[in-house]
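Below, all heavy atoms of this structure are taken into account, side chains as well, without hydrogens, waters or symmetry copies. Quick note: residue numbers are just sequence positions, from 1.
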Amino acid sequence: MASIPQPTMTIITRVTLPAFLDPQAMLDILQTYEPLIKASPYLKNYERRTVEVEELIDDNFFSEDGRKIQAFVVHDRVPIIPGVGNWACKGVRIPCVFQSFQHGVRCRADSEAGVTVRSSYEVRRRGEAAGGPAAVVNPGDGDYELVETADICCGSLVKAFVKRSFMTAHQETLQRVVNETAQIYASSGGRQAQQQFRQSQ
């Protein structure tokens with residue numbers, strides 16, 4: 001099994017869960033995978049695909065303690081010049097593989113631009129996951145947070161662009177996933193959040 005290359009950079013993103021949102025409900029939604037894909041502000045479309053064996057045996061990022069391997073191809077439109085419209089966006093095709101584990105989800109995404117991102121998304125008590133900036137805590141927030149730790153491998157020429165695009169998109173992605181889960185959880189009385197969320201997709 002091949003070892004994981006040394007990342008060019010590591011970016012940690014955090015969003016605090018509302019106090020009323022059961023962290024297990026957040027974890028259940030997270031491990032359906034597609035909410036993470038759909039919440040991206042850059043998403044154009046996506047489709048399921050077959051997992052290639054080589055994608056798993058050649059990368060020890062996918063641990064034996066994991067389960068439920070699924071693969072997708074995501075098509076994004078990434079802004080090259082932010083704020084000037086679609087004409088300044090680049091279409092990017094991103095094959096990705098997801099795996100669930102005890103505290104969350106692993107995902108490896110390989111873009112056509114030679115950028116590989118290995119992310120873990122975890123539901124943790126605030127402060128339990130070390131590193132990165134502290135989460136912004138607002139009135140009504142609870143003791144848990146959704147934390148993404150992303151190890152990114154890319155060329156030095158695109159590092160600044162990748163960092164800017166990633167930080168902007170993934171902060172928004174995590175916030176959307178938390179907000180949507182909280183809305184469904186609250187409207188269902190907290191007992192059928194996962195079922196209703198899946199039906200709404």
Side-chain angles (χ1 to χ4, degrees), residues 3-19 21-43 59-63 65-66 72 74 76 78-79 82 92 94 96-111 113-138 140-182:
S3 60
I4 298 175
Q6 188 70 22
T8 308
M9 56 185 160
T10 299
I11 297 175
I12 298 175
T13 309
R14 304 170 184 274
V15 172
T16 305
L17 273 58
L21 178 58
D22 185 343
Q24 183 60 51
M26 183 72 253
L27 182 62
D28 289 344
I29 296 304
L30 197 65
Q31 291 180 339
T32 65
Y33 306 150
E34 292 184 56
L36 280 170
I37 298 173
K38 292 181 178 182
S40 170
Y42 299 157
L43 180 67
D59 192 342
N60 59 11
F61 176 65
F62 298 106
S63 173
D65 70 349
F72 302 83
V74 176
D76 278 354
V78 180
V92 181
I94 309 171
C96 55
V97 180
F98 288 85
Q99 181 189 44
S100 293
F101 65 101
Q102 180 181 0
H103 294 291
V105 170
R106 298 182 182 99
C107 176
R108 189 189 70 217
D110 303 291
S111 82
V115 179
T116 297
V117 180
R118 293 174 175 87
S119 291
S120 65
Y121 301 85
E122 302 185 40
V123 179
R124 294 283 194 173
R125 283 191 176 274
R126 276 194 289 117
E128 184 178 28
V136 175
V137 181
N138 297 307
D141 286 344
D143 295 329
Y144 285 83
E145 61 185 1
L146 176 57
V147 184
E148 178 190 9
T149 302
D151 290 332
I152 304 172
C153 296
C154 66
S156 59
L157 292 178
V158 297
K159 180 179 178 180
F161 170 75
V162 169
K163 182 177 182 180
R164 184 188 73 233
S165 300
F166 187 95
M167 291 179 69
T168 299
H170 283 242
Q171 186 71 48
E172 184 173 344
T173 296
L174 264 61
Q175 190 65 65
R176 286 182 176 183
V177 172
V178 169
N179 290 350
E180 183 73 12
T181 305

For this session: For the pair F98 and Y33, name the ring-plane relationship: parallel under 30°, tilted 30 to 60°, perpendicular over 60°.
Result: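 Because their plane-to-plane angle is under 30°, the rings of F98 and Y33 count as parallel.
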
List, one per line, each side-chain donor-acceptor pair under 3.5 Å for residues 146-160, sequence neighbours excluded.
{"residue": "E148", "atom": "OE1", "partner": "H170", "partner atom": "ND1", "Å": "2.9"}
{"residue": "E148", "atom": "OE2", "partner": "S119", "partner atom": "OG", "Å": "2.9"}
{"residue": "E148", "atom": "OE2", "partner": "Y121", "partner atom": "OH", "Å": "3.2"}
{"residue": "E148", "atom": "OE2", "partner": "H170", "partner atom": "ND1", "Å": "3.0"}
{"residue": "D151", "atom": "OD1", "partner": "T10", "partner atom": "OG1", "Å": "2.7"}

Distance from [X] atom [atom1] to [Y] atom [atom2], nearest 0.5 Å?
{"X": "I12", "Y": "M167", "atom1": "CD1", "atom2": "CE", "value": "11.0 Å"}
{"X": "E172", "Y": "T13", "atom1": "CD", "atom2": "OG1", "value": "12.5 Å"}
{"X": "I29", "Y": "E34", "atom1": "CD1", "atom2": "CD", "value": "12.0 Å"}
{"X": "K163", "Y": "T8", "atom1": "NZ", "atom2": "OG1", "value": "12.0 Å"}
{"X": "S120", "Y": "F101", "atom1": "OG", "atom2": "CZ", "value": "5.5 Å"}
{"X": "I37", "Y": "C96", "atom1": "CD1", "atom2": "SG", "value": "5.0 Å"}

Within the structure provided, determine whether [X] and [Y] are in side-chain contact (heavy-atom separation under 4.5 Å).
{"X": "M26", "Y": "V177", "answer": "yes"}
{"X": "Q99", "Y": "F61", "answer": "no"}
{"X": "V15", "Y": "Q171", "answer": "yes"}
{"X": "M9", "Y": "V162", "answer": "yes"}
{"X": "Y144", "Y": "E128", "answer": "no"}
{"X": "T173", "Y": "P41", "answer": "yes"}

Exercise. Given N138 and T16, is the side-chain contact (heavy atoms from CB on, under 4.5 Å) satisfied, shown in steps?
Worked result: CA-CA 8 Å; N138 297 307; T16 305; over 6 Å; no

Looking at [X] and [Y], what are the two nearest heavy atoms and their distance?
{"X": "G142", "Y": "R126", "result": "O-NE, 2.9 Å"}
{"X": "T116", "Y": "R108", "result": "CG2-CG, 4.0 Å"}
{"X": "D28", "Y": "T32", "result": "O-CG2, 3.5 Å"}
{"X": "R124", "Y": "A129", "result": "CG-CB, 4.4 Å"}
{"X": "I94", "Y": "S111", "result": "CG1-CB, 4.2 Å"}

For this session: Without swapping roles, check the side chain of Q31 against the backbone of G104 for a donor-acceptor pair under 3.5 Å.
Result: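 Present.
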
Exercise. Donor-acceptor pair, R106 side chain versus F62 backbone, under 3.5 Å?
Worked result: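 Side chain of R106 to backbone of F62, a donor-acceptor pair under 3.5 Å: no, none is there.
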
Exercise. Among all residues two or more places apart in sequence or in another chain, which pass the side-chain hydrogen bond (donor to acceptor under 3.5 Å, both in side chains) test with D143?
Worked result: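 Partners of D143 by the side-chain hydrogen bond (donor to acceptor under 3.5 Å, both in side chains) criterion come out as none, since no residue qualifies.
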
